[in-house]
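Both counts, for ligands and for their atoms, begin at 1 and track the order of listing.
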Amino acid sequence: MFSKNLYTGRRKKLAAKIRSGIILIQGNAEAAMNYTANTYHFRQDSNFLYFFGLDQPDLIGIIDADNHKEYIFGNDTDIEDIIWMGPQPTIKELASDVGVENTGPLDKVAELLAAGIKSGRKIHFLPTYRGEQVIQLHRLLGLIHSRVNDYASMELIRAVVDLRSVKDRYEVAEIEKAIDIAYDMFTTGMKMAHPGVYEREIVGVMEGISIAGGNPTSFPVILSINGQTLHNHKHGNKLVPNRMLMMDAGSESQMHYASDITRTVPVGGKFSSKQKEVYQIVLEANMKSIDAIHPGVTYKSIHLFAARTIAQGLKELGLMKGNVEEAVASGAHALFFPHGLGHMLGLDVHDMEGLGENNVGYDHTVMRSDQFGLAYLRMAKTLVPGYVLTVEPGIYFIPELIDQWKAEKKFAGFINYDKIAGYMEIGGARIEDDVLVTPEGHKVLGRPIPKTVGEVETTVRG
Ligand code: GLY
């Protein structure tokens, strides 16, 4: 846990931004996996962690913005709980650790909210993403289940996004811890990338390293010799020569800050000449995009810069043709690079995505495009020191998409469809790092994970 003062400061800033009303921050409950008592690994809500710091189920935090009072509601353990869970601190003791004076049992929350509503005060709450949260809001506020998110407070969403977007040095240090765990996950996984090994064996080892470092992975591991499927969670293939293995994974630090890294390696440790050609283009897009990160620049412009770098590289290979600027402006490159350059990273791997992608990655200066490919860009707005971003360009050979566009003769002036057949075995290549926006420019966070052709080949063979 961070210091008490840090949580107190965050809540004060939030109250000052909201100015009036009652702010309700729901902690998560346990979620049943296959029967009630057999639960998924507990993950606290990230907003609750940010403002109230306590990492256990069934807590509610309240900030009364008018009366400058803060509360934590939760039930103290009784002797039956203690038999199963061991002795537990009281809610009062937990609250004191994060600088909150007022506590009460969960059944008192409804009374406090009802009194607020009766006197005409606004109850600010955030959008829900779990059934348990919806049921709780229905019980507390009498909202119809299916309409709960319609009543989420836009003022609260904006205030939370403002605060959580800019990471302080303690948060950056946590993200770096999560990247350092990822360093061990990736270098170990790379060394296993040899013919005959099953994908699931590598996934199992990488997940184990994450857990040993403090917490499970920050999202289900993406690891496949079929890297052309952007988020491939099937791990049943046996590694074979002449394929590349895409590894996209991250850990959570003990304080639940995430890392998110991607590396693509040749099975057996030697890139073929075609694999190397494609890999080098992705590497150039990754490194040049990182270099372009500075305060005041929009991330959309860096995404388009990455797209032009990829289109230029593919033109040099003969897979694309024509004017690169025009090709990217029209969206032709998205045949090979159909996703966004990256997203914010923090307590969530797609940081704050539960508050709405557009509320996090876009603002009044940058509107979301509806062009194929660009439409998937999660983060587009102007960069500010303290933002932490992923930079994850890729090139993919997706057979179904290529067949469809070829049949439609789509962007035939920019794409050499006849040349693509020779590259289908590449599958996909993506390279991803986690980058802090600094006042001077940027800093690639964490211990550098092998990335150049030479480093990757040496690590796999090592
Ligand atoms: N690296 C996984 C994702 O961004 O969704």
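Within 6.0 Å of OH in Y376 there are 12 or fewer heavy atoms belonging to other residues, nucleotides or ligands.
Close approach of ligand 1 to D248 is summarised as follows: ligand atoms under 4.0 Å from at least one heavy atom of the residue are 1 (N), 2 (C). Residue contact check: F219 has heavy atoms under 4.0 Å from atoms 1 (N), 2 (C) of ligand 1. Those atoms of ligand 1 that come under 4.0 Å of a heavy atom in H231, given as number and element, are 2 (C), 3 (C), 5 (O). Interface atoms of ligand 1 facing D260, defined by a heavy-atom separation under 4.0 Å, are 1 (N), 2 (C), 3 (C), 4 (O). Residue-ligand proximity, E392 to ligand 1, at heavy-atom distances under 4.0 Å covers atoms 1 (N), 4 (O). Every atom of ligand 1 is numbered from 1 in the order shown, and the set under 4.0 Å from a heavy atom of E432 is 1 (N).
In this structure, F305 has its ring center no closer than 6.0 Å to that of H303. Checked against the 6.0 Å centroid criterion, the rings of Y7 and F51 do not qualify as a close aromatic pair.
The protein atom (non-hydrogen) at minimum distance from atom 3 (C) of ligand 1 is H350 NE2, 3.2 Å.
At a 3.5 angstrom cut-off on N or O pairs, T262 does not count as close to ligand 1.
Under 3.5 Å, the side chains of Q371 and S369 contain no donor-acceptor pair of N or O atoms. A donor-acceptor contact closer than 3.5 angstrom links the side chains of E316 and Q312. When only modelled atom types and interatomic distance are considered, N286 and K451 share a side-chain donor-acceptor pair under 3.5 Å.
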